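Everything below concerns the one structure shown next.
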Amino acid sequence: MNFRNMEEFWAFYVNQLSKPATKHWHFAGILASILCLIYSLCFNWWCVFLVPLVGYGCAWYSHFFVEGNVPATFGHPFWSLMCDFSLAW
C-alpha cells in the first residue's frame, strides 16, 4: 500500500491494532525499549542492541499471535515507529 501522508498511514495503523491487547503489547515494547536505551546509556552500551529487539519483539508478537496480521513495520518502518510513539503518548 502506498500512503501519501502520515494521516493516511495513521488510519491504516490504527485499523491494524483493533484489539486492546495489541495496544498493550505495543506500549510494553516501547516502554521496555526506552528503559533498555536508558540502561545502555548509563551502564552498559552493549545493551543498545537490545533496544530494537525488545521493542519490535513485543509489537510483532502482538501482530502475529493476538491480531493475526502482518506488522506495518515491514512495509513502512519509519511511519510505523512514529505511530508507535504517538500511540504510546
Side-chain angles (χ1 to χ4, degrees):
M1 295 181 104
N2 290 327
F3 301 99
R4 289 177 289 190
N5 54 40
M6 190 65 169
E7 289 78 27
E8 286 183 8
F9 184 76
W10 176 257
F12 169 75
Y13 178 83
V14 172
N15 187 39
Q16 298 296 305
L17 306 174
S18 64
K19 298 179 182 173
T22 307
K23 293 174 187 163
H24 294 152
W25 275 105
H26 275 69
F27 182 76
I30 291 168
L31 181 62
S33 65
I34 290 170
L35 292 175
C36 273
L37 179 63
I38 291 169
Y39 179 83
S40 68
L41 293 174
C42 293
F43 301 107
N44 186 354
W45 66 274
W46 281 100
C47 291
V48 76
F49 297 110
L50 295 176
V51 173
L53 293 176
V54 170
Y56 284 122
C58 290
W60 292 352
Y61 171 85
S62 69
H63 281 287
F64 291 128
F65 298 108
V66 176
E67 286 286 342
N69 60 20
V70 177
T73 307
F74 295 157
H76 304 282
F78 179 72
W79 281 359
S80 179
L81 181 64
M82 298 309 296
C83 287
D84 282 344
F85 282 107
S86 295
L87 180 73
W89 184 254

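Each residue takes its place number in the sequence, starting with 1. None of these values were measured; they are calculated from a predicted model.
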Worksheet item: Once the angle between the rings of F9 and W79 is folded into 0 to 90°, is it parallel (under 30°), tilted (30 to 60°) or perpendicular (over 60°)?
Response: tilted
Worksheet item: Would Y56 and M82 show up in the same hydrophobic cluster when neighbours are defined by side-chain heavy atoms closer than 4.5 Å?
Response: no
Item to complete: Say whether F85 and F78 are linked into one hydrophobic cluster, either directly or through other cluster members, by side-chain heavy-atom distances under 4.5 angstrom.
Response: no
Worksheet item: For N5, which residues count as a side-chain contact (heavy atoms from CB on, under 4.5 Å) partner, sequence neighbours excluded?
Response: E7, E8
Item to complete: Apply salt bridge (Lys or Arg N to Asp or Glu O under 4.0 Å) to E67 and list each qualifying residue two or more places apart in sequence or on a separate chain.
Response: none
Worksheet entry | Contacts of type side chain to side chain donor-acceptor pair (under 3.5 Å), residue Y13, not counting sequence neighbours | D84
Item to complete: Measure the spacing between NE2 of H63 and SG of C58 and express it to the nearest 0.5 Å.
Response: 11.5 Å
List, one per line, each side-chain donor-acceptor pair under 3.5 Å for residues 28-55, sequence neighbours excluded.
| residue | atom | partner | partner atom | Å |
| --- | --- | --- | --- | --- |
| S33 | OG | G29 | O | 3.1 |
| S33 | OG | I30 | O | 2.9 |
| S40 | OG | C36 | O | 3.3 |
| S40 | OG | L37 | O | 2.8 |
| N44 | OD1 | W46 | N | 3.2 |

Fill in: Interatomic distance, H26 atom NE2 to C83 atom SG [nearest 0.5 angstrom]
9.5 Å
Worksheet item: What residues, two or more places apart in sequence or in another chain, satisfy ring-ring contact (aromatic ring centres under 6.0 Å, His included) together with F65?
Response: Y61
Fill in: Test log, rule side-chain contact (heavy atoms from CB on, under 4.5 Å), inputs W25 and L17
CA-CA 10 Å; W25 275 105; L17 306 174; over 6 Å; no
Fill in: Heavy-atom check, side chain of F27 versus side chain of K23, under 4.5 Å
no
Worksheet entry | Test side-chain contact (heavy atoms from CB on, under 4.5 Å) applied to F74 - qualifying residues, sequence neighbours left out | W60, F64, V70, P71
